[in-house]
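Before any comments, here is the structure.
Just so it is clear, the model here is predicted, and its values are computed rather than measured. Below, chain A is the first sequence line, B the second, and so on; all start at residue 1.
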Amino acid sequence: MKRLALLSTIVFTLGLSGLRADEGVKVSPIDHAATLKECGGCHIAFPPQMLPSRSWTKMMGDLANHFGENAALDQAVQDDIATYLAAHAADAPATKGGARFTKGLGADTVPLRITETPYWKREHDEIAASRFSDPKIKSKANCIACHRTADKGEFLEGDE
Amino acid sequence: MSNSRKIALISLLSLTNLAMVLPAAADPARDAILATLAEEAKKADPAFGGFSAERGQAFFAAKHTGGKPDTPSCTSCHSQDPTAAGETRAGKRIEPMAVSKNPSRFNKVEEVNKWFGRNCNSVLGRECTAVEKGDFITYLSAK
């Protein structure tokens, strides 16, 4: 009986232990209204933790040419968002565990797409390229098509 | 049914019919945006004779040149049918443009300026004129 109780406790604890390293990644959700509204207008507001600050600075400096579209903002809004993104970037002092997102990334490399980072590629190396061109997914930028709670900073596996 | 009840019912039915033939609900904020655009249009061309839903429809559906190659038309993202939802190139749903389906369209001046500013540049490679903007809003307000 005691053994059963112990076993239940173990099973229960394992069940509650949450995310294992190979089940996906969680980051602090964005808590900045302008970033959520303006970035989230066309795609999910991507986690700032997933790119280094140099990437966000470059991207926010050329919103008129944003992946084939003009995404210009008023200067004050643009500055506000750029500051938020840089402060929460992979290499920002306040970001916990950000190093995993820049692992393998050359110091001189300035990726503008999260999907260009070695981290993203490692995590998606088992996904066939054809999956991303599926009309229901459309683009690698459409994280939420497979990671259903990506807008909450949760990129879990097996959601698709 | 008493006569007075009959009259009340008929009045109610007429009102419902009226509401069905009228275009989407008027919005003072949208009217003000259109009035400002009309002033601008008049300033640019004193012969300006008012906005046109037909011109707006043609502009919405047209394939334009001069803009970014991925977005030659409004319909590239907003779908051919403005009463239906569209989709951004990144796969995110865009609420319908037609005011009848989405009454919050074109009633916040900052939003109107932001999106015309971006999308005219993406699609046409230039700012839109006041006439183009006014026609566009007039078309989608009636849609």
Side-chain angles (χ1 to χ4, degrees), chain A residues 30 33-47 50 59-60 62-81 112-116 120 127 131-151 155 159-160, chain B residues 33 36 59-60 62-82 84-97 102 104-129 132-133 136 140:
Chain A
I30 294 170
T35 301
L36 284 171
K37 174 172 185 269
E38 302 300 348
C39 305
C42 298
H43 45 70
I44 68 154
F46 298 114
M50 292 190 181
M59 192 183 310
M60 293 303 291
D62 191 18
L63 287 179
N65 294 294
H66 189 69
F67 305 102
E69 281 181 53
N70 184 311
L73 287 167
D74 282 348
Q75 192 64 48
V77 181
Q78 180 185 314
D79 293 346
D80 183 29
I81 293 174
L112 293 181
R113 299 172 191 269
I114 293 167
T115 54
E116 285 170 357
W120 190 94
I127 316 270
R131 287 290 287 133
F132 294 108
S133 51
D134 183 310
K136 280 186 291 208
I137 296 175
K138 195 164 178 171
S139 156
K140 283 180 188 172
N142 194 9
C143 310
I144 204 160
C146 299
H147 305 294
R148 293 291 175 186
T149 50
D151 54 340
F155 296 79
D159 276 7
E160 55 194 273
Chain B
I33 290 170
T36 308
F59 182 85
F60 183 82
K63 288 260 180 295
H64 300 274
T65 51
K68 297 186 189 293
D70 289 320
T71 55
S73 173
C74 310
T75 60
S76 305
C77 295
H78 291 295
S79 106
Q80 306 278 346
D81 174 6
E87 196 176 63
T88 69
R89 289 173 47 244
K92 185 171 169 130
R93 176 188 163 92
I94 306 175
E95 296 303 320
M97 295 302 284
N102 185 2
S104 65
R105 283 285 178 217
F106 317 117
N107 63 4
K108 286 179 280 303
V109 71
E110 310 79 35
E111 290 292 305
V112 168
N113 288 342
K114 179 175 83 180
W115 287 108
F116 274 133
R118 288 174 165 184
N119 295 350
C120 293
N121 271 299
S122 287
V123 174
L124 301 148
R126 60 168 173 82
E127 298 285 311
C128 289
T129 66
E132 286 167 340
K133 293 179 196 174
F136 186 89
L140 292 164

Quiz item: Where on B:E110 is there a heavy atom nearer than 4.5 Å to chain A: the side chain, the backbone, both, or neither?
Solution: neither

Exercise. Measure the CD-CG distance between A:E69 and B:N119 for me, rounded to the nearest 0.5 Å.
Key: 7.0 Å

Quiz prompt | chain A contact via B:R93 - side chain, backbone, both or neither, heavy atoms under 4.5 Å | solution = neither

Self-check item: Intermediate values then yes/no, side chain to side chain contact (heavy atoms under 4.5 Å, CB included), A:L73 and B:R118
Solution: CA-CA 9 Å; A:L73 287 167; B:R118 288 174 165 184; 3.3 Å; yes

Quiz item: For B:E111, is it the side chain, the backbone, both or neither that has a heavy atom under 4.5 Å from a heavy atom of chain A?
Solution: side chain

Quiz item: Which heavy atom of B:A90 sits nearest a heavy atom of A:C42, and at what distance?
Solution: CB-O, 3.9 Å

Self-check item: Exercise: identify the closest heavy-atom pair between A:K138 and B:R89
Solution: CE-O, 4.1 Å

Quiz item: Is chain B contacted by the side chain of A:N65, its backbone, both, or neither, given a heavy-atom distance below 4.5 Å?
Solution: both

